[in-house]
Protein chains: 2
Amino acid sequence: MGEAGFATHDHSGCIEAGLARAGRICTAAGVRLTPIRRRVLEILLAEHRAMGAYEVLDRLAREGHPAQPPVAYRALDFLVRHGLAHRIERLNAFIACSHSGRDHAPVFLICRACGAVAEAGWQPGGGQIGAAARAHGFRVEAVVAEALGTCPNCRAAAP
Amino acid sequence: MGEAGFATHDHSGCIEAGLARAGRICTAAGVRLTPIRRRVLEILLAEHRAMGAYEVLDRLAREGHPAQPPVAYRALDFLVRHGLAHRIERLNAFIACSHSGRDHAPVFLICRACGAVAEAGWQPGGGQIGAAARAHGFRVEAVVAEALGTCPNCRAAAP
DNA sequence: TCTTGATATGTTATAATATAACCCTTTATC
DNA sequence: GATAAAGGGTTATATTATAACATATCAAGA
């Protein structure tokens, strides 16, 4: 999987690889990738973009799954807790994790024009946020880093 | 004003100074700091913490102001647009800007235990986010950076 | 000053996002 | 198989946010 940028690519393999990876992670963590959880991850992987909880829910509904809000939120919470998906605060949306490494602090690049989201990795402790936190005596446990702007595709289309 | 950290301080002067600064900024920008906008900023400055829109709204209501949701959202949007307040995505809440400088990209340090929020400044373009964006050909227009963790006060209280 | 366009406010209604709470089922373990 | 722990199904409701439209206020030129 690796980095997911804005470049279009054939990601038919992403879904399979993502599910396989999820299976490994869940096994290692001693938790269960149940059918609903697996299906939600699959939906996120297939769409390859940030999706709202109710959008995921609609999918499940159309497939005949039970589809009350808690169904989606529980599955999404699970995926986020185990690092298989991320929540994009700015969009109130969720996206499958596209970073292959272990524990990572993602930074999201969100295109205003097309809504595409790229995930990049970084070392939050090492940079300026870490420095700011140390200056305030603050212990960082998690970081939300989201950049809004325009992706290269949209700039090329409407410069 | 300057940096707002976790240290307690007498911020009676903060309110006055914040309002004066807001007046200058609005005059310079040719926009109006109307009574409602001013009052909402005053509330945020006085509380000195992140407040939800409906919490601000309750205040206005108790003071006899009209208090339908758009009243609060419009005032808060105005304050955010002009850099007088910030939206904390992670909390769906708003906080008065406590950074005296000009255009700045704030990073927020949010304490899980007590909910306090400190605002620090940084240079988003220079750091790792800038590097990640350049690597993806992404043009950054705004950055949300929020760190969750524990503030020094809470760690001292319950280590 | 009058008019006019732009901006702001008041209000109703509703959309979008998220969680509480309860009960039942499935799974893992002894 | 008994039992505890985790997950799922469902109802209801809480929380956050905006659309839409009528009225009021302001700024600036005719």
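Note on naming: letters A, B, ... go to the chains in the order of the sequence lines (proteins, then strands), and numbering restarts at 1 for each one.
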Checklist entry - Are A/Met51 and A/Ile95 close enough, and set up right, to give a side-chain contact (heavy atoms from CB on, under 4.5 Å), and what steps lead you there? => result CA-CA 6 Å; A/Met51 298 179 77; A/Ile95 192 167; over 6 Å; no
Item to check | Counterpart residues, side-chain hydrogen bond (donor to acceptor under 3.5 Å, both in side chains), relative to B/Gln68 (two or more places apart) | outcome: none
Next on the checklist: Do A/His65 and A/Leu57 make a side-chain contact, defined as non-hydrogen atoms from C-beta onward lying under 4.5 Å apart?
Outcome noted: no
Checklist entry - With a 4.5 Å heavy-atom cut-off, do A/Val143 and B/Leu148 have their side chains touching? => result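 A/Val143 vs B/Leu148: side chains apart.
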Checklist entry - Donor-acceptor pair, A/Asn153 side chain versus A/Phe6 backbone, under 3.5 Å? => result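 Checked: pair present.
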Checklist entry - Under 3.5 Å, is there a donor-acceptor pair between the side chain of B/Glu146 and the main chain of B/Glu89? => result yes
Checklist entry - Hey, does A/Pro69 reach any base, or is it just sugar-phosphate, or nothing, if we go heavy atoms under 4.0 Å? => result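 Answer is base: heavy atoms of A/Pro69 come under 4.0 Å of a base.
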Item to check | Heavy atoms from other residues, nucleotides or ligands near CD of A/Glu16 exceed 12 (cutoff 6.0 Å) | outcome: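 No - once you tally the heavy atoms of other residues, nucleotides and ligands closer than 6.0 Å, there are 12 at most.
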Distance, rounded to the nearest Å, where [X] contributes [atom1] and [N] contributes [atom2]:
X       : N      : atom1 : atom2 : value
B/Tyr73 : C/dG10 : OH    : C1'   : 17 Å
A/Asp77 : C/dT19 : CG    : P     : 7 Å
B/Arg39 : C/dT9  : CZ    : P     : 15 Å
B/His65 : C/dT11 : NE2   : P     : 13 Å

Next on the checklist: Stacking between C/dT17 and A/Tyr54, yes or no? Criterion: centroid separation under 5.5 angstrom, plane angle under 30 degrees.
Outcome noted: yes
Checklist entry - Is there a path of hydrophobic side-chain contacts, each under 4.5 Å between heavy atoms of I, L, V, M, F, W or Y residues, that connects B/Val117 with A/Val144? => result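 No, B/Val117 does not connect to A/Val144 through the hydrophobic network.
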Next on the checklist: Which residues in residues 86-95 of chain A have a heavy atom closer than 4.0 Å to any atom of DNA chain D?
Outcome noted: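 By residue number: none to list.
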Next on the checklist: Let me confirm one number: the NE2-SG distance from A/His136 to B/Cys111, rounded to the nearest 0.5 Å.
Outcome noted: 13.0 Å
Next on the checklist: If I take atom CZ from residue A/Phe138 and atom CD1 from residue B/Ile110, how far apart are they, to the nearest 0.5 angstrom?
Outcome noted: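 Rounded to the nearest 0.5 Å, the CZ-CD1 separation comes out at 7.5 Å.
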Checklist entry - What does nucleotides 21-30 of chain C look like as a protein-contact string, B for base, S for sugar-phosphate only, - for none, at under 4.0 angstrom between heavy atoms? => result B-----S---
Checklist entry - After noting the C-alpha distance and the side-chain angles of B/Leu19 and B/Arg38, does the key distance pass the side-chain contact (heavy atoms from CB on, under 4.5 Å) rule? => result CA-CA 7 Å; B/Leu19 289 174; B/Arg38 183 184 174 87; 3.9 Å; yes
Item to check | Along DNA chain D, first and last positions that approach a heavy atom of chain A under 4.0 Å | outcome: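 Here the contact window of chain A covers D/dG7 to D/dT11.
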Next on the checklist: Centre-to-centre under 6.0 Å for B/Phe94 and B/His86, is that the case here?
Outcome noted: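 No, the ring of B/Phe94 stays outside the 6.0 Å limit from the ring of B/His86, centre to centre.
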Checklist entry - Got a sec, which pairs hit salt bridge (Lys or Arg N to Asp or Glu O under 4.0 Å) with one end in residues 42-51 of chain B, sequence neighbours left out? => result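 For residues 42-51 of chain B: B/Arg39-B/Glu42, B/Glu47-B/Arg49, B/Glu47-B/Arg59, B/Arg49-B/Glu55.
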Checklist entry - What is the bend of the helix from C/dT1-D/dA30 to C/dC30-D/dG1 when you compare the axis at one end with the axis at the other, using five pairs each and rounding to 10°? => result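 End axes: 30° apart.
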